[in-house]
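Since the structure comes first, as structure tokens, the remarks are kept for the end.
Convention: sequence-line order gives letters A, B, ...; per-chain numbering from 1. Both backbone and side-chain heavy atoms feed into the values below; hydrogens, waters and symmetry mates do not. These numbers come from a predicted model, not from an experiment.
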Amino acid sequence: MANPIILQGYLMFEREQEQITNEIRSILAQHPYPKAKIEWNPIPFAGKWGISTSFFQLAAQWAREQRAAGHTPLPVPQLAAQIASRVRELLSLPSGFQRVEAVNGYLNLYFDPLEFTRRVVDTVLEQGERFGWGEPTGKRILVEFSQPNTHKAFHVGHLRNVVLGDALCNILEAAGNEVIRANYINDTGLHVIKWLWNYQKYHAGEEPGEDKTRWMGDLYAEANRRLEENPELESEVRQLYARWDQRDPEILALWEKSRQWSLEGFEQIYAILGVRFDHIFYDHELEKPGQELVEELVRKGIAIDERPRGPVIVRIDELLGLEKETYRVLVILRSDGTSLYSTKDLVLALKKFELFNPDLSVYVVDVRQSLYLQQIYKTLALMGHPDWAERCYHFSYEVVNLPGNVTIASREGTVVLLEDLIREARQRALEVVREKNPHLSAQEMEEVARVVALGAIKYPMLARDATKIVTFDWNAALDFNGQAAPYIQYAHVRANSILRKMETPLPPSVLPTYELHPTEIQLIDWISRLPGEVQKAAQEMRPLYLTNLAYELARAFNDFYAECPVLKADENMRAARLRLVAAAKQALANLLRMLGIVPPEVM
RNA sequence: GCCCCCGUAGCUCAAUGGACAGAGCAUCUGACUUCGGAUCAGAAGGUUGUGAGUUCGAAUCUCGCCGGGGGCGCCA
């Protein structure tokens with residue numbers, strides 16, 4: 001490892017940590033202990049404040065060596081305690097720290113709270129919106145997410161993908177990477193043909209109203225219903241598919257028109273959600289290149305052409321020489337020559353590298369496609385691009401179910417449409433803001449309701465691990481109290497409220513001269529962890545770390561708010577606390593923005 | 001048959017292999033003539049599904065079992 005010193009939590013104090021680490025090393029080197037790596041953690045006690053390391057690993061190693069040499073060492077915990085107190089005796093107190101203690105095998109270094117406070121607050125206020133952002137890594141990361149189907153509805157299951165993908169992009173960017181936000185819109189396929197069939201036969205000449213996506217989805221559901229009730233109509237759909245394949249001008253024109261309706265609907269949705277893309281790939285552009293690629297793979301002997309009796313396949317395990325079934329067989333072209341998802345995904349995988357040459361190509365796709373994506377990556381390697389295949393990464397997440405473990409399915413009508421959810425949430429938020437803040441203008445109320453509702457909707461998608469199934473439930477989605485986005489937004493609003501009433505410019509940097517209140521210490525502690533948590537969230541691709549921090553930060557601020565007067569405090573305390581409030585507001589705002597949630601000024 | 005994920009308080013979920021397993025919701029009790037009560041304080045709630053193993057130390061890592069969900073040749 002290039003950097004054996006693991007610094008966590010307090011990135012702002014890297015230099016001091018490194019200095020102390022070196023000093024501990026040289027102290028240990030004076031004893032016959034084996035080499036050990038020194039890891040730092042925040043002291044886990046509430047109201048206590050500093051960094052901590054333990055000597056258990058070193059003690060265990062030492063004990064093993066002693067035993068091997070025929071000695072009987074002390075029990076490990078006692079040894080660790082012994083080492084800790086020896087280090088504690090020899091360690092000089094570094095500047096910025098108040099005291100060092102050795103307890104239970106741990107070495108705890110407590111920050112000088114006043115000095116630390118000034119340093120954290122000054123850093124946040126100097127860096128402003130950039131607080132939490134990392135140094136450029138020089139890496140380019142392409143993230144494909146959302147991937148909607150035209151001619152279909154947009155429901156809460158799709159929402160998790162968009163919300164996660166968007167937050168992931170923000171986080172990777174904040175960590176110092178160049179991020180390319182890519183969408184892949186599926187505008188061809190059997191679902192489109194079904195829609196066209198239904199439209200032509202029963203809705204010819206109709207146009208969508210305000211809510212385009214809903215209308216498109218309704219017609220799609222209707223098509224499925226009609227076909228289920230009268231299966232003999234399937235032949236008409238097959239005929240239509242044939243006309244599409246032959247690029248019949250009439251069908252092509254209808255496809256173009258209806259596709260456009262869906263695209264416009266998607267734009268509306270992305271605008272509401274506040275999500276943007278740098279590049280959009282379309283299914284129809286990949287169809288032909290995909291078919292050509294398949295032919296090439298057959299020629300090269302990578303794919304096996306079983307037509308006309310069977311499809312074109314890639315026997316991945318066989319090609320890799322794997323005995324145990326692992327990647328199995330990937331079908332890359334239908335026996336009638338029409339394309340599949342895989343036909344296009346192989347081309348798309350190549351195209352991404354040809355166009356952008358990313359260091360990492362991320363696919364935000366739900367967990368059910370894990371095997372499929374591994375097959376795509378392996379095939380990419382077999383096609384002669386093992387280097388690219390290694391740079392592909394499946395960001396997998398679990399699905400959104402309805403209560404009772406009911407799967408959301410657009411065909412069975414068990415959907416909660418995104419439009420409905422947003423409308424309901426806005427309505428509910430509007431009622432609350434009318435009650436809580438009646439002096440706002442109607443326009444302000446609408447705006448507040450909008451950002452609060454969206455925050456509330458997005459939060460549950462981000463606040464649980466991606467491997468956990470989200471159960472959508474109306475009551476929980478519309479509950480704005482407790483562990484939810486509005487709670488965090490409210491802390492931001494309260495901070496803003498104090499700053500608004502300040503009436504003077506924000507005081508310059510100040511060293512507090514009073515004893516800090518425990519809630520102040522806790523608040524500063526969480527603020528100081530932001531840069532480190534951003535790095536961690538990016539490295540492990542877990543937005544959850546930031547929702548956790550945002551919630552803790554908000555909670556700490558609300559505690560502080562209840563315990564510590566700011567505006568009415570005496571001079572030094574007032575100045576220091578005003579700056580702390582400003583720093584807390586900034587940290588909350590930065591976190592919320594990374595999560596794709598708007599921090600409101602009032603609510 | 002093979003593979004993947006989940007199991008922590010009544011419910012929804014947290015917890016880099018570390019110090020007493022923490023929040024919210026729900027339930028009960030309280031908050032000063034002070035910056036916004038979408039808030040705060042307190043009570044109650046646990047053999048981390050189960051049995052072994054690794055380790056100084058396991059909710060976390062390994063294996064078995066139980067329960068739930070998902071994926072495995074022409075769906076996307």
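- Counting atom types as modelled, Asn558(A) pairs no side-chain N or O with a base atom of U39(B) as donor and acceptor under 3.5 Å.
- For residues 57-68 of chain A, proximity to RNA chain B is found at Gln57(A), Ala60(A), Arg64(A), defined as any non-hydrogen atom under 4.0 angstrom from a strand atom.
- Under the 6.0 Å distance and 45° angle rule, Arg86(A) does not count as a cation-pi partner of Tyr33(A).
- When rounded to the nearest whole Å, the span between OH of Tyr372(A) and C1' of G70(B) equals 18 Å.
- Comparing Glu435(A) and Leu190(A), the nucleotide of RNA chain B nearest to each residue sits closer to the 5' end for Glu435(A).
- The distance between atom OH of Tyr341(A) and atom C1' of G73(B), rounded to the nearest whole Å, is 19 Å.
- Across all strands shown, Ser396(A) has no heavy atoms under 4.0 Å from either base or sugar-phosphate atoms.
- Across all strands, Pro75(A) comes closer than 4.0 Å to no nucleic acid atom at all (heavy-atom distances).
- At a cut-off of 3.5 angstrom, counting only N and O atoms as typed in the model, there is a donor on one side and an acceptor on the other between the side-chain of Arg328(A) and the base of C72(B).
- The stretch residues 454-489 of chain A participates, sequence neighbours left out, in these ring pair (Phe, Tyr, Trp, His ring centres under 6.0 Å) pairs: Phe472(A)-Trp474(A), Tyr487(A)-Tyr551(A).
- Contacts with RNA chain B (heavy atom under 4.0 Å) in residues 570-585 of chain A: none are found.
- Residue Tyr551(A) places none of its side-chain N or O atoms closer than 4.0 Å to OP1 or OP2 of A23(B).
- Scanning residues 306-316 of chain A for heavy-atom distances under 4.0 Å to RNA chain B yields Arg309(A), Gly310(A), Pro311(A), Ile313(A), Arg315(A).
- Mapping Arg334(A) and Asp479(A) onto RNA chain B by nearest heavy atom places Asp479(A) closer to the 5' end of the strand.
- For the residue pair Asp345(A) / Tyr372(A), a side-chain donor-acceptor distance below 3.5 Å is found, with atom types taken as modelled.
- Between U39(B) and Asn481(A), a contact under 4.0 Å exists linking OP1 or OP2 to a side-chain N or O.
- The side chain of Tyr487(A) places an N or O atom within less than 4.0 Å of a non-bridging phosphate oxygen (OP1 or OP2) of C40(B).
- Between Tyr184(A) and Tyr341(A), the ring planes are tilted. Angles from 30° to 60° get that label.
- Each of Leu322(A), Leu319(A), Leu382(A) was evaluated against Tyr327(A); a single residue qualifies, Leu322(A), per the side chain to side chain contact (heavy atoms under 4.5 Å, CB included) test.
- Other residues, nucleotides and ligands contribute only 12 or fewer heavy atoms inside 6.0 Å of the NZ atom of Lys378(A).
- With hydrogens and angles ignored, a donor-acceptor pair closer than 3.5 Å exists between the side chain of Asn108(A) and the base of A19(B).
- Side-chain N/O atoms of Thr467(A) and base N/O atoms of C6(B) include no donor-acceptor pair closer than 3.5 Å.
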Along nucleotides 41-46 of chain B, 5' to 3', which nucleotides get a B, which get an S, and which get a -, given that the test is a protein heavy-atom distance under 4.0 Å? S-----

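- Residue ring and base: Phe45(A) does not count as stacked with A19(B) (centre distance below 5.5 Å and interplanar angle below 30° not both satisfied).
- The side chain of Lys468(A) contributes an N or O atom lying less than 4.0 Å from OP1 or OP2 of A14(B).
- For Arg428(A), the CZ atom counts as loosely surrounded, since its 6.0 Å shell holds 12 or fewer non-hydrogen atoms of other residues, nucleotides or ligands.
- For Met502(A) and C35(B), the CE to C1' distance is 12 Å, given to the nearest whole Å.
- In this structure, Lys324(A) reaches the C3(B) phosphate: one of its side-chain N or O atoms is under 4.0 Å from OP1 or OP2.
- Taking atom CH2 of Trp526(A) as the reference point, atom C1' of A14(B) lies 11 Å away to the nearest angstrom.
- At a cut-off of 3.5 angstrom, counting only N and O atoms as typed in the model, there is no donor on one side facing an acceptor on the other between the side-chain of Ser54(A) and the base of A19(B).
- Residue Arg494(A) places at least one side-chain N or O under 4.0 Å from the OP1 or OP2 atom of G37(B).
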Can you check salt bridge (charged side-chain N to carboxylate O under 4.0 Å, His left out) on Glu571(A) and Arg574(A), steps first, answer last? CA-CA 5 Å; Glu571(A) 207 179 343; Arg574(A) 181 183 143 100; over 6 Å; no

Dot-bracket, RNA chain B: Watson-Crick or G-U, under 3.5 angstrom, [ ] crossing, | other strand? (((((((..((((....[...)))).(((((.......))))).....(((((..]....))))))))))))....

